[in-house]
Amino acid sequence: MKKLLSVLLALLFLVSPVAAGEWKTPPPQAQITPAEDTLEVLWEGETDLDMLKQVRIDIRRAVIDKKKVLAVTLLSPGGPVITSLEIARQIKLAREKGLIVEIHGIALIASGATFVLSAGTPGRRTISKYTFFLVHPPQASNYGGATCLNVVPEPKDVQDKAINAILRIMRDMYIEFTKKSQEEVEKWLTCGNEVVGSGELALSLGMADEVRE
């Protein structure tokens with residue numbers, strides 16, 4: 001069990017964090033929903049436990065205050081797989097309960113943060129065209145840096161099984177949120193097929209619905 005836990009904790013969408021102060025980005029555009037019906041929040045930094053806690057707090061606050069829309073400005077380099085997927089799941093659950101989760105990506109949306117953006121309410125997921133956007137397979141951190149992880153055709157131990165399980169969950173969540181085919185999504189999650197670009201890339205992959213200035 002300890003070995004399995006260490007494997008899960010090592011699985012990262014690893015991109016070096018970027019300080020918000022290093023970016024010059026235009027402010028989000030005004031929401032079309034009346035202000036009194038909207039709670040505006042900022043999710044910034046890694047998609048780790050701290051962001052997961054903030055997401056839960058903001059969703060609960062929106063529900064308690066009887067807001068119709070949770071308007072999120074998102075800037076993130078990604079983070080651990082497990083917390084990235086759980087943040088996306090929390091957004092999905094909030095949507096299923098009737099909350100509109102409007103997400104606007106700015107400056108940097110990479111790795112685990114792509115799940116957060118794509119989990120937003122369809123039609124209400126936007127991204128700045130000047131955003132650096134990156135989708136890639138999970139990586140395991142080690143003393144020499146990071147190692148890209150592929151599906152293990154014939155898993156032999158708990159580590160191999162854990163890698164395959166994580167990749168299946170990632171694949172299925174991307175398929176649900178983007179409506180892309182299994183073949184296309186699995187390509188994104190294969191080492192050597194990383195996709196990188198600007199805001200228009202998020203639109204073409206089905207992770208955003210509109211590109212803004």
Side-chain angles (χ1 to χ4, degrees), residues 13 15-48 51-52 54-55 57-59 61-62 65 67-79 84-85 87-96 98-136 173-180 184-185 188 194-213:
F13 290 93
V15 174
S16 298
V18 179
E22 295 176 10
W23 293 87
K24 302 295 183 181
T25 58
Q29 296 182 13
Q31 308 297 338
I32 60 174
T33 306
E36 62 269 18
D37 292 332
T38 302
L39 174 62
E40 297 184 357
V41 298
L42 172 65
W43 295 347
E44 186 176 57
E46 293 190 60
T47 51
D48 55 12
M51 183 179 285
L52 175 57
Q54 188 62 51
V55 168
I57 289 171
D58 291 339
I59 290 174
R61 181 181 165 195
D65 292 347
K67 300 294 186 179
K68 294 180 180 179
V69 178
L70 178 63
V72 179
T73 298
L74 176 67
L75 189 163
S76 174
S84 299
L85 297 176
I87 291 169
R89 192 182 76 90
Q90 290 295 320
I91 295 170
K92 175 187 173 183
L93 291 175
R95 286 171 40 205
E96 291 174 347
L99 182 65
I100 296 173
V101 184
E102 185 175 84
I103 302 181
H104 181 52
I106 61 170
L108 174 64
I109 302 294
S111 306
T114 63
F115 286 99
V116 181
L117 175 64
S118 61
T121 299
R124 306 295 284 267
R125 305 170 303 174
T126 67
I127 189 168
S128 167
K129 71 177 183 179
Y130 303 111
T131 299
F132 178 82
F133 191 80
L134 170 66
V135 180
H136 66 88
M173 189 170 283
Y174 269 143
I175 290 173
E176 178 179 357
F177 293 154
T178 68
K179 309 305 180 188
K180 298 296 184 179
E184 181 173 355
V185 170
W188 305 341
E194 296 80 1
V195 286
V196 58
S198 59
E200 286 83 358
L201 177 61
L203 185 65
S204 69
L205 297 182
M207 298 184 190
D209 306 296
E210 180 184 350
V211 177
R212 296 181 178 178
E213 290 293 330

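This chain uses plain numbering: 1 for the first residue, then up along the sequence. It should be emphasised that the depicted structure is a prediction, and the values quoted were computed from it without experimental measurement.
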For the residue pair Y130 and E213, what are the closest heavy atoms and their distance? OH-OE1, 3.3 Å

What's the verdict on side chain to side chain contact (heavy atoms under 4.5 Å, CB included) for Y174 and K180, showing C-alpha distance, side-chain angles and the deciding distance? CA-CA 8 Å; Y174 269 143; K180 298 296 184 179; over 6 Å; no

Side-chain heavy atoms of I87 within contact of F115, under 4.5 Å: no

Roughly how far, to the nearest 0.5 Å, is the CD1 atom of I106 from the CZ atom of R212? 12.0 Å

Validation row: F133, L117 side chains within 4.5 angstrom (heavy atoms): yes

Nearest heavy-atom neighbours spanning A88 and A119: O-CB, 3.7 Å

Check V116 against S84 and note the closest heavy-atom contact, atom names and distance. CG2-O, 4.5 Å

Considering only heavy atoms from C-beta outward, does the side chain of M207 approach that of V135 to under 4.5 Å? yes

Check E200 with K129, please: is the shortest side-chain N to carboxylate O separation under 4.0 Å? no

R124 and V69, any side-chain heavy atoms less than 4.5 Å apart: yes

Kindly indicate whether the side chain of E44, heavy atoms from C-beta on, has any atom under 4.5 Å from the side chain of T73. no

CG of L52 to CD of E46: how many Å apart, nearest 0.5 Å? 13.5 Å

State, to 0.1 Å, how close L99 and I59 come at their nearest heavy-atom pair, and which atoms those are. CD2-CG2, 4.4 Å

Tell me if a side-chain donor or acceptor on R95 pairs with a main-chain N or O of P122 at a distance below 3.5 Å. no

Hey, what do you get for NZ (K92) to OG (S118), rounding to the nearest 0.5 Å? 11.5 Å

Starting at CG of L203, measure out to CG of D209 and round the result to the nearest 0.5 Å. 7.5 Å

So, for T131 and A107, which heavy atoms are closest and what is the spacing to 0.1 Å? OG1-N, 3.2 Å

Atom pair CZ/OG1 of R125 and T178 - distance to nearest 0.5 Å: 8.0 Å

Heavy-atom closest contact (V101 atom, I91 atom, distance): CG1-CG2, 3.8 Å

